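A short worksheet on the structure shown next.
As the structure is a prediction and not an experimental result, all values here were calculated from the model.
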Amino acid sequence: MGALGELEALQTCLLQRIAAVELSLQTQFDQISSDCAADGEGGETTEARLSAILRARGVDDFAFKRVPADYYDRPIEVRRDILGAPSVEHLCKSIVLVNTQALAGITDCCDRNNSKYYVVVIQYAARLNAENIKNFLYTLNNSKISKKKFNMRLAPEEESLKLTGFVHNAVTCIGMETDIPVILDEAITKLKPDFFWLGGGEVDLKLRIRTSQFISAVNPFVVNCSS
């Protein structure tokens with residue numbers, strides 16, 4: 001076989017290999033598309049899952065709303081307007097706190113009076129007062145545990161994700177992976193009208209809920225924990 005014949009044979013071989021790779025990639029793409037379609041048809045959305053949990057707990061005055069992708073890049077006044085909230089004070093967040101000085105035997109959330117972790121629901125416009133939470137927990141435990149054993153700090157993001165199942169800016173105390181006791185800032189209970197907005201399980205999904213129904217459904221500790 002001459003040089004030209006060898007070149008043609010090599011070209012044919014390469015083309016066959018390229019065709020085989022393209023076919024393999026197309027097959028994989030088709031499988032992925034099929035799986036995604038199946039998830040869309042039969043999978044449960046975050047909104048549907050949390051709505052079912054709320055209704056099962058007797059909550060009927062709530063609503064979810066999608067917000068723009070750059071929601072958190074905008075001033076809080078703009079976020080208020082996007083949600084149609086009466087004031088910036090109606091915009092709240094759920095944060096996971098960890099007791100870094102808990103007794104050695106306190107490693108989880110089994111005891112809501114003396115848990116390793118707490119979820120605090122607080123207004124964006126407010127400043128967390130960890131000292132008030134420390135004093136509350138000390139009193140809650142009948143002053144039998146030294147105050148030095150209560151030191152509440154913001155849990156690392158990866159720890160918060162593992163405990164709640166929600167990423168940063170999506171955390172909500174509804175439908176968490178772990179049954180973490182909840183602390184609701186007392187200031188939220190004084191809002192007029194009596195509802196507030198908080199994370200809805202996805203970064204661009206927010207939840208509005210009637211305060212009284214939230215308290216009945218979640219059974220939080222109501223604590224003056226902001227300034």
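Side-chain atoms of Ser143 never come within 3.5 Å of backbone atoms of Thr139 as a donor-acceptor pair (strictly under, hydrogens ignored). Formation of a donor-acceptor pair under 3.5 Å by the Lys162 side chain with backbone atoms of Glu177 is not found in this model. Counting only distance, with no hydrogens or angles, the side chain of Asn141 and the backbone of Asn113 share a donor-acceptor pair below 3.5 Å. Side-chain atoms of Thr178 come within 3.5 Å of backbone atoms of Leu163 as a donor-acceptor pair (strictly under, hydrogens ignored). Lys206 places a side-chain N or O within 3.5 Å of a backbone atom of Val203 that can act as its donor or acceptor partner. In this structure a side-chain-to-backbone donor-acceptor pair under 3.5 Å is missing from Arg80 to Pro86. Side-chain atoms of Ser115 never come within 3.5 Å of backbone atoms of Arg112 as a donor-acceptor pair (strictly under, hydrogens ignored). Side chain of Glu157 to backbone of Val167: no donor-acceptor contact under 3.5 angstrom is found. Using a distance-only test at 3.5 Å, with no hydrogens or angles considered, a donor-acceptor pair links the side chain of Tyr72 to the main chain of Asn169.
Asn219 has its side chain out of reach of Ile215: every pair of non-hydrogen atoms, C-beta onward, lies at least 4.5 Å apart. Here the side chains of Cys173 and Val121 are in contact, with some heavy-atom distance below 4.5 Å. Between Ile82 and Pro68, some side-chain heavy-atom pair lies under the 4.5 Å cut-off. Side-chain contact between Val120 and Lys93 is absent, with no heavy-atom pair separated by less than 4.5 Å. Two residues are said to be in side-chain contact when any heavy atoms from C-beta on lie closer than 4.5 Å; Ile95 and Val119 fail this criterion. With a 4.5 Å cut-off on side-chain heavy atoms, Lys147 and Lys134 count as touching. Contact check for Thr189 versus Val222: side-chain heavy atoms found under the 4.5 Å cut-off. Residues Leu97 and Arg153 form no side-chain contact, since every pair of their non-hydrogen atoms from C-beta on lies 4.5 Å or further apart.
Checked by atom type, the side-chain pair Thr100/Asn151 shows a donor-acceptor distance below 3.5 Å. Of the N and O atoms on the side chains of Lys149 and Asn99, not one donor lies less than 3.5 Å from an acceptor on the other residue.
Connection of Val223 to Phe214 is not established within any shared hydrophobic cluster, with ILVMFWY side chains joined at heavy-atom distances below 4.5 Å, either directly or through further cluster members. Residues Leu128 and Val88 do not share a hydrophobic cluster, defined by chaining ILVMFWY side chains whose heavy atoms lie under 4.5 Å apart. Both Val182 and Leu54 belong to a single network of hydrophobic side chains, linked directly or stepwise wherever heavy atoms of I, L, V, M, F, W or Y lie under 4.5 Å apart. Hydrophobic clustering (ILVMFWY, side-chain heavy atoms < 4.5 Å, transitive): Phe62 and Ile188 are in one cluster. Grouping the Ile, Leu, Val, Met, Phe, Trp and Tyr side chains by contacts below 4.5 angstrom, directly or via other members, places Leu184 apart from Ile133.
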Check the pair Ser226 / Asp185 against side chain to side chain donor-acceptor pair (under 3.5 Å), numbers first and verdict last. CA-CA 7 Å; Ser226 67; Asp185 184 23; 2.6 Å; yes
Does the pair Tyr118 and Leu137 meet the rule for a side chain to side chain contact (heavy atoms under 4.5 Å, CB included), with working shown? CA-CA 11 Å; Tyr118 288 90; Leu137 294 173; 3.4 Å; yes
Can Arg66 and Glu202 be said to form a side chain to side chain contact (heavy atoms under 4.5 Å, CB included), step by step? CA-CA 9 Å; Arg66 289 282 174 189; Glu202 296 177 17; 2.7 Å; yes
Could you walk me through whether Ser216 and Val59 pass the side chain to side chain contact (heavy atoms under 4.5 Å, CB included) check? CA-CA 8 Å; Ser216 296; Val59 179; over 6 Å; no
Let me see the working for Glu47 and Leu207 under side chain to side chain contact (heavy atoms under 4.5 Å, CB included), right down to the final yes or no. CA-CA 9 Å; Glu47 181 176 341; Leu207 167 64; over 6 Å; no
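For the salt bridge (charged side-chain N to carboxylate O under 4.0 Å, His left out) test, no residue two or more places apart in sequence or in another chain qualifies with Asp108. Residues satisfying the salt bridge (charged side-chain N to carboxylate O under 4.0 Å, His left out) test with Glu89, not counting sequence neighbours, are none. Applying the side chain to side chain donor-acceptor pair (under 3.5 Å) rule to Ser51 yields no partners; only residues at least two apart in sequence or on another chain are considered.
Taking CG of Asn114 as the reference point, atom CG of Leu140 lies at 8.5 Å (rounded to 0.5 Å). Atom CD1 of Ile106 sits about 13.5 Å away from atom CD of Gln101, to the nearest 0.5 Å. Atom CD1 of Ile180 is separated from atom OG of Ser94 by 10.0 Å, given to the nearest 0.5 angstrom. Within the model, atoms CE of Met152 and SG of Cys225 stand 11.0 Å from one another, a figure rounded to the nearest 0.5 Å. Note that OG1 of Thr164 is 12.5 Å distant from CD1 of Ile174, once rounded to the nearest 0.5 Å. Here the SG atom belonging to Cys92 is positioned 13.0 Å from the CZ atom belonging to Arg208, to the nearest 0.5 angstrom.
Counting only residues at least two apart or on different chains, the salt bridge (Lys or Arg N to Asp or Glu O under 4.0 Å) pairs with a member in residues 210-219 are Asp61-Arg210, Asp194-Arg210. Annotation: ring pair (Phe, Tyr, Trp, His ring centres under 6.0 Å) contacts involving residues 122-175, sequence neighbours excluded, comprise Phe136-Phe221. The salt bridge (Lys or Arg N to Asp or Glu O under 4.0 Å) analysis of residues 113-130, with sequence neighbours excluded, yields no pairs.
Across all non-hydrogen atoms, the minimal contact from Ser160 to Val96 is OG-CG2, 3.4 Å. The nearest pair of heavy atoms linking Thr46 to Gly200 is CG2-O, 3.5 Å. Scanning all heavy atoms of the two residues, the minimum distance from Ile53 to Gly175 falls at CD1-CA, 3.6 Å. Scanning all heavy atoms of the two residues, the minimum distance from Ala126 to Ile122 falls at CB-CG1, 4.1 Å.
Classification of the His90-Phe195 ring pair by plane angle, with boundaries at 30° and 60°, yields tilted.
Geometrically, Arg79 engages Tyr71 in a cation-pi contact defined by less than 6.0 Å to the ring centre and at most 45° from the axis.
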